[in-house]
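Worksheet: one structure, shown below.
It should be emphasised that the depicted structure is a prediction, and the values quoted were computed from it without experimental measurement. Heads up: numbering here begins at 1 and tracks the sequence.
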Amino acid sequence: MKDPLVSRHPLALYGQLVAALIAGVFTTLTASPFYLWWLAPVAIALVYTGLYRLTPFQAALKGWLYGVGLFASGTSWVYVSIHDYGYTGVPLAVFLTALFVAVLALFFAATLWLYRRFFTPRLAFLSFAGIWVLGEVLRTYLFTGFPWLLLGSSHVDSPLAGFAPVGGVYLLSLLVALSGTLLAELALYRRVWAVAPLAAIWLVPLALPGQWTHRADAEPTRVALLQGNLSQLTKWTAEGQREAANTYARLTRQVEDDVDLILWPETALPMAEGDARAVLSRVQANLAPDTALMTGIVQRNEAGQYFNSVVGVGDVKGSYQKEHLVPFGEYLPLESVLRGTIDFFDLPMSTFASGASEQAPMRAAGTALGNAICYEIIYPQLVAERARHSDALITVSNDTWFGGSIGPHQHLQMARLRARENGRYVLRATSNGITAIINPQGKVEARAPQFETASLTGEFYAMEGLTPFTRLGSWPAWLLAGALVIPGLVRRRRAPAGPDSSRR
């Protein structure tokens with residue numbers, strides 16, 4: 001039986017390539033602020049259908065175009081960062097953004113090339129889902145990694161969200177990919193048997209526990225998250241430093257006395273900790289005796305290294321130095337070659353050093369708090385390690401770099417998924433939005449308006465217990481993805497695939 005969507009005519013190849021491009025855009029629409037999560041299986045079905053009518057090179061091209069559609073639509077905020085805040089002209093900013101998109105799309109090109117080159121059409125609905133997730137794992141870690149817009153990230157709001165505390169975002173990605181391949185088998189190839197596993201994937205979460213962790217204390221902790229809404233362009237000037245100090249000192253004075261914890265965002269004071277101590281001491285003098293204040297700040301050690309950090313005053317113990325840095329924003333790869341070539345490679349504070357991989361949680365207001373500064377919140381394994389030893393999670397961020405793009409909405413959505421995965425409250429303080437208090441089910445309990453100076457006051461609870469994901473991490477989902485690709489590899493050795501794509 002021939003594939004109902006493709007034939008050997010050259011126009012069929014063009015149709016598949018256009019479908020891949022559309023599928024990439026569909027995947028962006030599954031994420032915040034669009035929330036069309038149900039499009040994700042459709043996107044996978046578009047990529048999966050007809051692959052065995054393509055050569056490995058054509059399959060790679062199809063994968064690359066999917067990646068172009070995804071990243072051109074989903075990470076358009078890169079242009080804002082480069083042009084608006086990276087002091088780069090329009091032509092160069094467009095070129096660098098296009099280069100960023102084209103390079104990241106190679107991950108999908110490699111995934112589909114490997115799939116078409118080494119896998120048989122038999123049990124393709126399993127092996128395709130497995131290799132898709134292994135491709136996501138590769139994108140998470142290779143060349144420091146970029147796990148933005150993983151397939152499962154948008155499903156914090158879907159019926160599949162119940163699987164998040166079981167296996168994390170990679171299990172969600174695997175189930176979404178499997179749903180897409182089963183959907184194609186059912187709708188396009190009339191494989192009625194696909195109904196049973198498809199129904200199981202979407203119905204099983206109804207039987208899973210709604211909450212894997214529980215409150216450690218009967219009384220909540222009162223928290224105030226401050227959002228200064230200061231200009232990124234003048235932030236590191238002398239005027240910007242004075243404005244930041246005055247703004248956060250004023251917002252802190254206005255916080256009610258019954259608040260236990262005050263949280264300022266990433267580099268709230270744009271100066272080194274030594275220079276900021278006078279400001280922090282004046283602020284502390286006006287705090288209630290039992291109030292803790294934590295802030296993102298730049299630390300400098302005796303060797304002259306700078307760290308993107310979180311420190312505290314008042315009822316605070318410990319500090320945190322950011323472990324996973326942002327390439328080009330916080331450190332410059334190939335620095336000896338790139339430094340000084342264009343303004344974008346000379347951003348302020350782009351020479352940070354990495355903090356240690358194992359750091360104890362900070363303690364504030366009697367609660368153990370795991371840290372994830374800005375970009376770190378998108379790394380599920382890293383956050384799970386922090387949650388393992390913490391009662392709640394905090395993430396301070398400077399999302400000013402995103403401007404008015406969809407970036408802050410995507411960033412918040414990934415923070416929500418980290419909360420659901422680990423059964424912990426996430427307190428998110430940002431420079432200009434989106435500042436929010438997220439409960440252990442991944443729901444936003446309170447949020448501040450974006451692009452406004454604001455103080456968000458609310459409550460959170462210290463949580464006890466570990467979800468299966470917090471305890472085991474992503475390994476079970478990775479191993480399951482690996483297991484799904486094995487039948488395809490083994491069968492190919494026994495009987496190499498021919499051109500007839502009907503042998504499934």
- Message: Between R139 and W148 (side chain of the first, backbone of the second, donor and acceptor by atom type, cut-off under 3.5 Å), is there such a pair?
- Response: yes

- Task: Of all the heavy-atom pairs spanning N398 and E266, show the shortest one and how long it is.
- Result: N-OE1, 2.8 Å

- Task: Name the orientation class of the two ring planes belonging to W77 and F402 (parallel below 30°, tilted from 30 to 60°, perpendicular beyond 60°).
- Result: perpendicular

- Taking E421 as the fixed residue, which of V169, V383, T470 is the one that meets the side chain to side chain contact (heavy atoms under 4.5 Å, CB included) rule? V169

- Mind checking whether Y66 and W132 have parallel, tilted or perpendicular rings, split at 30° and 60°? perpendicular

- Query: Where does the angle between the aromatic ring planes of W478 and Y170 fall among parallel (under 30°), tilted (30 to 60°) and perpendicular (over 60°)?
  - Reply: perpendicular

- Would you call the rings of Y375 and Y379 parallel, tilted or perpendicular, where under 30° means parallel and over 60° means perpendicular? perpendicular

- Task: Can you sort out the partners of R300 under side chain to side chain contact (heavy atoms under 4.5 Å, CB included), two or more places apart, ordered by chain and number?
- Result: Y306

- Would you say the side-chain atoms of Q227 pair up with the backbone N or O of G433, donor to acceptor, closer than 3.5 Å? yes

- Message: Under a 3.5 Å distance rule, please check whether D391 uses its side chain to pair with a backbone N or O of A368 as donor and acceptor.
- Response: yes

- Are any side-chain N or O atoms of Q413 and backbone N or O atoms of S32, one a donor and one an acceptor, separated by less than 3.5 Å? yes

- Side-chain (S309) to main-chain (V298) donor-acceptor, under 3.5 angstrom: no

- Query: Has the side chain of T237 got a donor or acceptor atom that lies under 3.5 Å from a matching backbone atom of G240?
  - Reply: yes

- Task: For K322 and F352, indicate whether the former's side chain and the latter's backbone hold a donor-acceptor pair under 3.5 Å.
- Result: no

- Message: Ignoring hydrogens, what is the shortest heavy-atom contact between Q410 and G74? Give both atom names and the distance.
- Response: NE2-O, 3.0 Å

- How close do Q450 and H409 get, heavy atom to heavy atom, and via which atoms? OE1-NE2, 3.8 Å

